[in-house]
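Have a look at the structure below before the remarks.
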Amino acid sequence: MEKESDGAKTVATELMSYDLINQPRLNKGTAFTEEERDLFHLHGLLPPHIGTLEEQAARRIKVLRSYETDFERYAYLRDLQDTNETLFYAVLVNNLEELLPIVYTPTVGEGCQRFSEIWRKPRGLFLSYANKDRIRDILADKQFDQVRAIVVTDGERILGLGDQGAGGMGISIGKLALYVGCAGIHPEQTLPILLDVGTNNQERLKDPLYMGWRHERITGAEYDEFVEAFVTAVMERWPDVLLQWEDFAGYHAGPLLERYRDRLCTFNDDIQSTASVALATLLAAINVTGVPLTEQRVALLGAGSAGCGIVSLVLRAMIEAGASEAEARSRFYAIDRDGLLVDGMPGITTWQRPFVQSQAAVANWKTESPGKIGLFDVVANAHPTVLIGVSGQSGAFTEQAIRLMAKHVQQPIIFPLSNPTSRSEATLEQLVTWTEGRALVGTGSPFKPVTWNGVEIANNQTNNSYIFPGMGLGILAVEAKRVTDAMFMVAGKAVAAMSPTVTDPKGRLLPRVSQLRDVAISVARVVARQAQLDGVATFRDESAIDARIAEYMWTPYYRRYVKGGSRG
């Protein structure tokens, strides 16, 4: 186990020769100095040239760009992360705009689908149901002593791709790479975890390369007991840890958040971060349209836990802006698989209840099909100004519906948020074309800019990476004990405040991806302060928040190595 001294910028370790080079958090490759090569018996194991981190990063990005497919680039970066973490993060931080679609959406989706093909070295923890009695022993390993942030998934609903079983580990690894790359949280403090409770994906179960537990998914009481055993063990091992839930199926995501949000510092990225960035993008769009939030009419396609999370936050923002609760609720039209949610429909969930329209409100609507009110019907009768999609259904925003929306709204705000790209409700090009260049678009996946009447329209990737890295940084900086809804509200408003539309109505809705480190700092500041206001922060000195955040952020560079510590 190495011991790092930040003051002296040195690392003390007893690892030698191959053991040192094969430790990704310590490996420096050709950048080991002559003195370090003498000290740790590295001569002959490395080429004689002594390089720099900058030279290595330039070499790696050149090779990366030579590959033909994004999946090849993804696999290359995963290998780099498992070989030399400092170099991996140096490449990522300096090329965020280029590499975000590779390490995160959309390419991470294929990475999860093909995870078993490219697995090379252990990273994170696979906690399988078969090992449910060993969880405490697995977590007890000394190499995890410094862990402060965990991203956990059970792989059941990876992006819009569904059940990927053990391949879901790719999403936990990718999210934490952005915790480090965007917010500077030290890699040693992060831990990706996969709860392997089996898979119902027959393609995975029949694949001879599949590395997960070959069993159909555990459900019901057995599943709940396994998750409870996991959370209890995590709380015992790391009482102050931040636990982020990622890509759980909707019927688990909401209940798990409600069950554990008051027991430890935890949040659900799909429900809460998605809501926060959607709010940020909506507020930025309002800078352009000039229509107040209290006058927006919002249609939601996909009223699951993520979709309801979005409109719940927008609803609270609308009330904060001056609308009564009754008036605000009447402005939402939530559409699920059985159509518009209307009072009296069977199976309405607790999350959906605030967004149910009354029978009287839709009594005189003219609809395409009797008995079901679809998206086109909502557009035709309610004339929404905002359309949000989290349906996971490619093409769900039809040309007919979008053209009708644009007929009634001068600048429609349209967010097809499903990802990866193959699951987007519509493409940027389609939405620009169907609205004759008037739509203000935010997408879940990246799209290339579109030119309309000689004007280039940039894509605004309404991506959770604008929220969760800064959320984590702010939480850890003030050692928050819980995560509150208000923290996501202020995070969204902080991102909106950085929108170019604040000063330029023709600007992008969101800051450039290359600015994500600055975005994370801004989000961390307001989240840390809100944690103090909400009484959940352990560190309570408001005047020292900026210093705490700056002190917490890690920048990838090579430390000097000396002998010391133990082999741990």
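Hydrogens, waters and symmetry mates are skipped; everything else that's a heavy atom, side chains included, is used. Since the model is a prediction, treat every value here as computed from it, not as a measurement.
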Not counting sequence neighbours, list each pair that qualifies as a side-chain hydrogen bond (donor to acceptor under 3.5 Å, both in side chains) and has a residue in residues 484-494.
R261-D485, E320-K493, T484-D534
Evaluation steps, ring pair (Phe, Tyr, Trp, His ring centres under 6.0 Å), between F32 and F40
CA-CA 10 Å; F32 280 106; F40 297 103; 7.4 Å; no
Main chain of A323, side chain of T294: is a donor-acceptor contact present, judged purely on distance under 3.5 Å?
no
Residues passing the ring pair (Phe, Tyr, Trp, His ring centres under 6.0 Å) test with Y251, sequence neighbours excluded, are none
For R217, is there an ion pair with D154 - N to carboxylate O distance below 4.0 angstrom?
yes
Straight-line distance of C182 SG to L96 CG, nearest 0.5 Å:
5.0 Å
Which residues share a salt bridge (Lys or Arg N to Asp or Glu O under 4.0 Å) with R78, sequence neighbours left out:
D82
Evaluate the salt bridge (charged side-chain N to carboxylate O under 4.0 Å, His left out) criterion for residues D145 and R237: first the C-alpha distance (whole Å), next the side-chain angles of each, then the deciding distance (0.1 Å), finally the verdict.
CA-CA 9 Å; D145 284 353; R237 178 68 166 95; 2.8 Å; yes
Side-chain H-bond candidate by donor/acceptor type, N419 with Y104, under 3.5 Å:
no
For a salt bridge (charged side-chain N to carboxylate O under 4.0 Å, His left out) check, start with the C-alpha distance between D546 and R525, then their side-chain angles and the critical distance, and finish with the verdict.
CA-CA 7 Å; D546 285 358; R525 286 171 177 159; 3.1 Å; yes
If you round to the nearest 0.5 Å, how far is OG1 of T199 from CD of E156?
8.5 Å
Taking the six-membered ring of Y557 as reference, does the cationic atom of R559 (NZ for Lys, CZ for Arg) lie under 6.0 Å from its centre and within 45° of its axis?
yes
Donor-acceptor contact present, side-chain Q244 to main-chain L176, <3.5 Å
no
Side chain to side chain contact (heavy atoms under 4.5 Å, CB included) between I173 and V103, worked out
CA-CA 9 Å; I173 292 171; V103 300; over 6 Å; no
Once side chain to side chain contact (heavy atoms under 4.5 Å, CB included) is applied, do any residues pair with A497, and if so which ones, sequence neighbours excluded?
none
Let me see the working for R263 and E228 under salt bridge (charged side-chain N to carboxylate O under 4.0 Å, His left out), right down to the final yes or no.
CA-CA 11 Å; R263 287 179 53 184; E228 175 64 25; 3.0 Å; yes
Salt bridge (charged side-chain N to carboxylate O under 4.0 Å, His left out) contacts touching residues 244-253 (sequence neighbours left out):
R157-D247, K175-E246
Sequence-distant partners of R60, side chain to side chain contact (heavy atoms under 4.5 Å, CB included), two or more places apart
Y76, L80, L87, V91
CE of M169 to CZ of F126, rounded to nearest 0.5 Å, is 4.0 Å
Answer yes or no: is there a donor N or O on one side and an acceptor on the other, between the side chain of T538 and the main chain of E479, under 3.5 Å?
yes
Determine the minimum heavy-atom distance between F539 and A544, stating which atoms define it.
CZ-CB, 3.6 Å
Using a cut-off of 6.0 Å, state whether more than 12 heavy atoms not belonging to R259 lie near its atom CZ.
yes
Any side-chain donor near an acceptor of the partner, Y552 and Q189, under 3.5 Å
yes
Using the benzene-type ring in the case of Trp, are the ring centres of Y129 and Y223 under 6.0 Å apart?
no
T86 side, atom OG1; Q81 side, atom CD - distance, nearest 0.5 Å
11.5 Å
Any donor-acceptor pair under 3.5 Å from W238 side chain to F144 backbone:
yes
Determine whether a donor-acceptor pair (N or O, by modelled atom type, separation under 3.5 Å) exists between the side chain of T190 and the backbone of P187.
yes
Closest approach of V523 and I467, non-hydrogen atoms and distance?
CG1-O, 4.0 Å
D19 side chain to L15 main-chain N or O, any donor-acceptor pair under 3.5 Å?
no
Not counting sequence neighbours, which residues clear salt bridge (Lys or Arg N to Asp or Glu O under 4.0 Å) with R136? List them please.
E236
Just by modelled atom types, is the D270 backbone N or O under 3.5 Å from a matching donor or acceptor in the T274 side chain?
yes
Check the pair Q296 / V314 against side chain to side chain contact (heavy atoms under 4.5 Å, CB included), numbers first and verdict last.
CA-CA 10 Å; Q296 301 290 336; V314 175; over 6 Å; no
Determine whether the side chains of T105 and N463 contain a donor N or O and an acceptor N or O closer than 3.5 Å.
yes
Checking R73 now: which residues fulfil salt bridge (Lys or Arg N to Asp or Glu O under 4.0 Å) with it, not counting sequence neighbours?
D70
Tell me, please, which residues at least two apart from M553 pass side chain to side chain contact (heavy atoms under 4.5 Å, CB included).
L473, R517, I521, I549
E85/R123 under side chain to side chain contact (heavy atoms under 4.5 Å, CB included): CA gap, chis, key distance, verdict
CA-CA 12 Å; E85 276 195 322; R123 175 166 293 274; 2.8 Å; yes
Backbone N or O of I118 within a donor-acceptor pair of the R120 side chain at under 3.5 Å?
yes
Residues passing the ring pair (Phe, Tyr, Trp, His ring centres under 6.0 Å) test with W245, sequence neighbours excluded, are F248, Y260
Just to verify, what does A285 make a side chain to side chain contact (heavy atoms under 4.5 Å, CB included) with, not counting sequence neighbours?
I413, L440, L509
With side chain to side chain contact (heavy atoms under 4.5 Å, CB included) as the criterion, how do E188 and W554 come out once you've worked through the C-alpha distance, each side chain's angles and the decisive distance to 0.1 Å?
CA-CA 11 Å; E188 191 176 39; W554 173 79; over 6 Å; no
Measuring from atom CG of N287 to atom OG of S499, what distance do you get when rounded to the nearest 0.5 angstrom?
6.0 Å
Taking all heavy atoms of A280 and all of G492, pick out the closest pair and write down the distance.
CB-O, 3.2 Å
Donor on one side chain, acceptor on other, Y558 and E36, under 3.5 Å
no
T501 side-chain N/O to A284 backbone N/O, donor-acceptor pair under 3.5 Å:
yes
List for me each residue that meets salt bridge (Lys or Arg N to Asp or Glu O under 4.0 Å) alongside R512, sequence neighbours excluded, and say none if there are none.
E97
I'd like to know if the side chain of Q461 reaches the main chain of T443, judged simply by a donor and an acceptor atom lying under 3.5 Å from each other, with no hydrogens or angles considered.
no
